[in-house]
Amino acid sequence: VFVGTALVNMYGRFGCLEDAGIAFDKMLDHDVVAWNALISASVRNKEGVRALQYFRQMQEEGVLPNKVTLVSGVNACATHSAFSEGKHIHAQVVILDLDSDVVVATALIHTYGRCRRINNAKSVFDVILNRDTVLWTAMMAAYAHYGQISEAFKLFDEMLFVGALPDKISCISILSACVSKTGIDDGRQMHTRMIFCGLDLDESTLNGLITMYVKCGSMDDALKTFEIASTRN
RNA sequence: GCUGGCCCUCAU
């Protein structure tokens with residue numbers, strides 16, 4: 001069963017969902033981990049609907065979901081913005097007393113964010129006490145994705161205030177939302193913040209900055225950033 | 001052996 005599960009997982013990572021299904025079918029027993037591998041393989045290949053079918057089928061066959069199952073189930077909803085399905089799985093999360101788990105919460109925030117249900121995402125966020133960088137980033141990205149830059153900035157500053165460290169992904173998530181035809185203030189503010197928190201300005205972050213400046217119509221800032229990048233190397 | 005955040009067939 002371990003080997004079969006590893007196979008399902010591997011095919012899933014290679015993008016061969018059909019082969020993952022075949023490997024799964026060849027297994028004699030399907031425990032919760034085997035199902036989880038099949039479900040997460042489907043999610044990884046953007047087959048959210050199929051993942052949810054497996055999610056339900058597993059439970060119909062009497063296998064109880066665990067934390068990993070629910071995380072994958074929640075993320076399956078994100079692929080096609082299935083809000084009511086997401087809420088339904090959220091209810092299961094509460095029943096299993098997993099609603100204070102930071103990984104589960106991150107998945108919920110991500111999914112609610114993609115469903116444009118920022119308030120639902122924020123409610124999940126507020127309940128979590130031991131917030132890590134990934135959780136903060138998921139919430140900021142949800143705000144940023146729908147243009148609520150000021151909210152994203154508030155969270156970013158609050159994050160620094162409580163001593164959490166934003167990483168590359170945190171910054172790039174917000175940066176990409178700073179693109180606007182009307183101004184580059186947001187982008188410059190984000191640039192300042194990135195320097196302030198000592199983020200390593202590597203290839204991807206510099207690329208994000210330059211892209212943002214170009215899209216905002218400021219070749220000056222883009223070139224300045226590019227020159228700084230050149231002097232470093 | 002299976003899980004969470006930007007992007008990666010939904011930035012260009």
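Proteins get letters first, then strands, A, B, ... in listed order; numbering begins at 1 in each.
- Spacing between atom CZ of F125(A) and atom P of G4(B) amounts to 19 Å, rounded to whole angstrom units.
- Between the CG atom of L64(A) and the C1' atom of C2(B) there is a distance of 16 Å, given to the nearest Å.
- Closest to the side chain of N9(A), out of C10(B), U12(B), U3(B), is U3(B).
- Contact of T133(A) with G5(B) (side chain to base): no donor-acceptor pair of N or O atoms is detected under 3.5 Å.
- Residue contacts shown for T69(A) are absent, as no nucleic acid heavy atom lies under 4.0 Å away.
- Nearest nucleotide to the S72(A) side chain, out of U3(B), G1(B), C10(B): U3(B).
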Residues V32(A), L64(A); criterion side-chain contact (heavy atoms from CB on, under 4.5 Å); working and verdict: CA-CA 7 Å; V32(A) 65; L64(A) 295 175; over 6 Å; no
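- Rounded to an integer number of Å, the gap from CD1 of I172(A) to P of C7(B) is 11 Å.
- Comparing U3(B), C6(B), G1(B) against the side chain of S173(A) picks out C6(B) as the nearest.
- Using a 4.0 Å cut-off on heavy atoms, the residues of residues 79-106 of chain A that approach RNA chain B are V102(A), V103(A), T106(A), listed by number.
- Checking G5(B), G1(B), U3(B) against every side-chain atom of A141(A), the shortest atom distance belongs to G5(B).
- Rounded to a whole Å, the CE atom of M159(A) is 10 Å from the C1' atom of G5(B).
- The distance between atom CG of D167(A) and atom P of C6(B), rounded to the nearest whole Å, is 12 Å.
- Closest to the side chain of V71(A), from the set U3(B), C6(B), G1(B), is U3(B).
- When distances are taken from the side chain of N36(A) to each of U3(B), C2(B), G5(B), the shortest belongs to C2(B).
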W136(A)/F156(A) under ring pair (Phe, Tyr, Trp, His ring centres under 6.0 Å): CA gap, chis, key distance, verdict: CA-CA 8 Å; W136(A) 281 100; F156(A) 192 90; 9.6 Å; no
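- Heavy atoms only, all atoms of each residue included: K168(A) and L199(A) are closest at N-CD1, 3.6 Å.
- Between the CG atom of L70(A) and the C1' atom of C2(B) there is a distance of 13 Å, given to the nearest Å.
- Of the candidates G1(B), G4(B), U3(B), the closest approach to any side-chain atom of V1(A) belongs to G1(B).
- Using a 4.0 Å heavy-atom distance criterion, R13(A) is classed as a sugar-phosphate-only contact.
- Regarding Y143(A), its OH atom lies at a distance of 16 Å from the P atom of C6(B), rounded to whole Å.
- For the pair M10(A) CE and C2(B) C1', the computed distance is 15 Å after rounding to whole Å.
- Side-chain N/O atoms of D31(A) and base N/O atoms of G1(B) include a donor-acceptor pair closer than 3.5 Å.
- Remark: nothing in residues 194-213 of chain A comes within less than 4.0 Å of RNA chain B through any heavy atom.
- If you check C6(B), G5(B), C2(B) against the side chain of S176(A), the one that comes closest is C6(B).
- For G4(B), the base has no donor-acceptor partner in the side chain of N75(A) [N/O atoms by modelled type, under 3.5 angstrom].
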